[in-house]
Trainee: 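Sharing a structure with you now.
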Amino acid sequence: NGNPHHRRTPHPSAPCVKREHPPIGNRVTVVLGAQWGDEGKGKVVDLIAQDANIVCRCQGGNNAGHTVVVDSVEYDFHLLPSGIINPKVTAFIGNGVVIHLPGLFEEAEKNALKGKGLKDWDKRLIISDRAHIVFDFHQAVDRVQEQLRKEQVGGNLGTTKKGIGPVYSAKAARSGLRICDLMSDFTQFSQRYKVLAQQYKSMYPTLEIDVEGELLRLKVPERVKPMVRDGVHFMYEALHGPPKKILVEGANAALLDIDFGTYPFVTSSNCTVGGVCTGLGMPPRNVGEVYGVVKAYTTRVGIGAFPSEQCNEIGELLQTRGKEVGVTTGRKRRCGWLDLVLIKYAHMINGFTALALTKLDILDVMDEIKVGVAYKVDNQSIPHFPANQEVLHRVEVQYETLPGWKSDTSAARTFEELPENAQNYRIAHQPMPSLFWFHVFSWLGGGGLCLVARCPDNGFLYSRVFILITDFGVDWVVVV
């Protein structure tokens with residue numbers, strides 16, 4: 001009946017049957033960016049991938065950029081999961097990723113020449129047959145659209161011009177082509193390709209498309225075919241087979257998510273935790289740890305609101321010391337103070353079980369360090385992260401000012417080796433019992449300090465992120 005408290009009483013003779021739940025299987029560990037990207041996800045992934053069996057990409061395309069240094073060799077990844085440099089790892093590119101095949105092979109071959117990290121990469125890479133293909137004309141359309149936005153609106157979106165937006169648009173419009181189409185009847189594939197190319201030509205008459213040339217380059221599926229699997233079946237077997245350590249490497253970051261980012265200055269996919277399930281074809285109950293990677297300050301590439309940005313000597317110092325240049329675009333990154341309102345918002349969406357704080361050593365030369373802890377708009381405090389760009393541009397960040405430590409932390413290998421003020425990198429001495437620091441990674445080497453904080457299993461991540469660094473101690477300090 002309509003009474004919400006009414007419960008049906010079982011018949012006295014009815015047997016009480018306890019329903020058996022099927023085993024959950026293996027869980028995946030997820031690494032996600034908690035800001036606007038470039039937080040150091042690739043380095044954290046490389047650390048965790050030391051004992052991983054499978055490393056996955058679930059969204060985005062070659063608009064992402066991860067740099068990893070191993071044995072003094074610098075590898076740059078855009079499409080390949082960066083965990084592939086571990087020779088024991090199987091790399092999986094899921095259905096949520098969009099793939100420019102020539103770019104994929106170029107990236108792999110370029111990195112293979114640098115060192116031994118990509119040995120037998122082609123035998124260790126699996127591609128979902130449901131992943132959409134990025135064509136050269138998608139990239140051309142991306143460039144045309146950016147130019148039109150600049151002329152008509154007075155400002156572009158600042159895309160990477162890798163064709164990511166156009167191919168996701170084609171996917172949503174149900175006119176895209178997938179890897180499984182390429183692997184099937186090439187005559188039908190060619191016909192659909194030509195129809196799609198003609199659609200773009202009709203929309204952008206100045207667009208030049210080498211139809212026959214690209215089809216000729218695509219007519220060599222023998223190289224791709226051994227890598228292609230049914231992605232759903234592959235993930236199911238991985239999750240429900242023998243025990244495996246499965247790692248998911250997020251691309252882009254929370255504030256670039258198509259739904260939750262600073263729209264419209266975002267990417268074209270879901271780079272928050274929901275994209276893991278839809279981009280790999282797996283249920284949410286198999287999501288285990290979710291690590292959010294946070295830079296000790298904030299950076300952003302391209303256009304869009306940036307409340308804590310420092311358009312002054314502080315921003316220039318962070319940019320120079322941090323070598324803040326985009327891996328994919330080569331553009332200088334905009335820099336500002338750490339914004340905890342933004343981190344709190346990212347946690348609301350992703351439910352981070354841990355935070356990895358990177359590049360603390362970039363702050364070594366600062367006399368004082370500011371951390372954004374609250375927002376005001378029109379002199380009124382707001383409890384949320386604004387969705388509207390115009391409102392976000394009017395945000396006034398409220399800062400806490402902390403003393404710097406003015407000494408080199410790059411050689412620190414334990415928490416005790418940090419200067420006292422670095423150990424006390426916290427906010428206003430206010431207690432926050434819901435966050436503590438814990439041991440998760442092992443020493444790899446590199447440069448730049450990474451601290452890892454454990455988030456509560458329930459409750460909320462408050463803006464006082466660094467508060468308990470000394471109250472509970474650090475089991476391990478990782479230099480990444």
Side-chain angles (χ1 to χ4, degrees), residues 57 59-65 78-80 93 95-110 127-153 156-225 227-228 251-252 258 264 266-269 279 302 328-330:
R57 272 281 304 274
Q59 46 74 221
N62 59 349
N63 57 332
H78 301 277
L79 259 174
L80 287 169
I93 297 178
N95 58 276
V97 180
V98 292
I99 304 173
H100 184 251
L101 288 169
L104 174 68
F105 288 109
E106 181 183 348
E107 175 187 325
E109 289 160 1
K110 184 178 178 181
I127 300 173
S128 171
D129 58 352
R130 290 176 171 83
H132 279 248
I133 303 172
V134 180
F135 298 116
D136 290 347
F137 61 69
H138 286 127
Q139 298 183 342
V141 166
D142 206 351
R143 292 191 293 270
V144 171
Q145 289 177 341
E146 279 289 85
Q147 184 60 34
L148 288 174
R149 290 187 194 104
K150 190 172 183 179
E151 294 171 357
Q152 296 171 1
V153 187
N156 54 15
L157 292 179
T159 78
T160 58
K161 301 180 180 65
K162 299 291 185 181
I164 307 304
V167 76
Y168 274 117
S169 296
K171 176 179 179 177
R174 293 159 292 181
S175 58
L177 286 162
R178 302 185 292 176
I179 295 292
C180 59
D181 302 316
L182 178 62
M183 295 296 104
S184 186
D185 188 315
F186 192 77
T187 300
Q188 289 187 9
F189 175 87
S190 300
Q191 290 172 351
R192 291 177 60 189
Y193 171 92
K194 291 175 181 177
V195 169
L196 186 57
Q198 187 55 45
Q199 288 175 358
Y200 283 116
K201 280 287 288 182
S202 64
M203 287 188 285
Y204 307 103
T206 61
L207 194 66
E208 296 182 2
I209 302 177
D210 182 7
V211 171
E212 297 304 328
E214 184 162 24
L215 282 174
L216 187 62
R217 290 189 293 274
L218 289 167
K219 200 176 180 179
V220 282
E222 296 81 17
R223 192 177 187 189
V224 184
K225 199 168 186 176
M227 306 175 189
V228 177
N252 315 115
I258 185 68
V266 293
T267 190
S268 300
S269 60
T328 300
T329 62

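Bear in mind the structure is a predicted one, so any value in this text is a computation, not a measurement.
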Trainee: Which residues pass the salt bridge (Lys or Arg N to Asp or Glu O under 4.0 Å) test with Glu212, sequence neighbours left out?
Mentor: Lys194
Trainee: Under the side-chain contact (heavy atoms from CB on, under 4.5 Å) criterion, do Ile133 and Val167 qualify, and how do the steps go?
Mentor: CA-CA 7 Å; Ile133 303 172; Val167 76; over 6 Å; no
Trainee: Taking the inter-plane angle between the rings of Tyr200 and Phe137 on a 0 to 90° scale, is it parallel (under 30°), tilted (30 to 60°) or perpendicular (over 60°)?
Mentor: tilted
Trainee: Could you walk me through whether Thr187 and Gln191 pass the side-chain contact (heavy atoms from CB on, under 4.5 Å) test, one step at a time?
Mentor: CA-CA 6 Å; Thr187 300; Gln191 290 172 351; 4.0 Å; yes
Trainee: According to side chain to side chain donor-acceptor pair (under 3.5 Å), who are the partners of Glu214, at least two apart in sequence or on a separate chain?
Mentor: Tyr193
Trainee: Using the test side chain to side chain donor-acceptor pair (under 3.5 Å), find all partners of Glu109 that sit at least two apart in sequence or belong to another chain.
Mentor: Arg223
Trainee: According to salt bridge (Lys or Arg N to Asp or Glu O under 4.0 Å), does anything in residues 200-209 pair up with another residue at least two apart or in another chain? List the pairs.
Mentor: none
Trainee: Any pair with a residue in residues 170-183 that passes side chain to side chain donor-acceptor pair (under 3.5 Å), sequence neighbours left out, goes on the list, sorted by first then second residue, please.
Mentor: Asp181-Arg192
Trainee: Are Val211 and Gln198 side-chain neighbours, meaning at least one heavy-atom pair lies under 4.5 Å?
Mentor: no
Trainee: Under the ring-ring contact (aromatic ring centres under 6.0 Å, His included) test, which residues partner Phe186, sequence neighbours left out?
Mentor: Phe189
Trainee: Applying ring-ring contact (aromatic ring centres under 6.0 Å, His included), can you list everything that pairs with His100, at least two apart in sequence or on another chain?
Mentor: none
Trainee: Going by the salt bridge (Lys or Arg N to Asp or Glu O under 4.0 Å) test, which pairs reach into residues 132-144, not counting sequence neighbours?
Mentor: Asp136-Arg217
Trainee: Considering only heavy atoms from C-beta outward, does the side chain of Asn62 approach that of Val134 to under 4.5 Å?
Mentor: no
Trainee: Test of understanding: with side-chain contact (heavy atoms from CB on, under 4.5 Å), list the residues that count as partners of Met183, not counting sequence neighbours.
Mentor: Ile179, Pro221, Val224, Lys225, Val228
Trainee: Determine whether Leu196 and His138 satisfy the following criterion, side-chain contact (heavy atoms from CB on, under 4.5 Å), listing intermediate values before the conclusion.
Mentor: CA-CA 10 Å; Leu196 186 57; His138 286 127; 4.2 Å; yes
Trainee: Of the non-hydrogen atoms in Val141 and Pro166, which two are nearest, and what is the gap between them?
Mentor: CG1-CG, 4.0 Å
Trainee: Run the side-chain contact (heavy atoms from CB on, under 4.5 Å) test on Val98 and Ile164 for me, step by step, so that the C-alpha distance in whole Å, both residues' side-chain angles and the decisive distance to 0.1 Å come before the verdict.
Mentor: CA-CA 7 Å; Val98 292; Ile164 307 304; 3.9 Å; yes
Trainee: Could you tell me which residues satisfy side-chain contact (heavy atoms from CB on, under 4.5 Å) with Ser202, sequence neighbours excluded, listed by chain and number?
Mentor: none
Trainee: Which atom names give the shortest non-hydrogen contact between Gln59 and Ala251, and what distance separates them?
Mentor: OE1-N, 2.8 Å
Trainee: Given side chains that start at C-beta, do those of Leu218 and Phe135 come closer than 4.5 Å, heavy atoms only?
Mentor: yes
Trainee: Could you report the tightest heavy-atom contact between Ser269 and Gly60, atom names first, then the distance?
Mentor: OG-N, 3.6 Å
Trainee: Looking only at heavy atoms, which two atoms of Gly165 and Ser268 are closest? And how far apart?
Mentor: CA-OG, 3.3 Å
Trainee: Under the salt bridge (Lys or Arg N to Asp or Glu O under 4.0 Å) rule, collect the residues that match up with Lys110, sequence neighbours excluded.
Mentor: none
Trainee: Examine distances only and state if a side-chain atom of Ser184 and a backbone atom of Cys180 form a donor-acceptor pair shorter than 3.5 Å.
Mentor: no
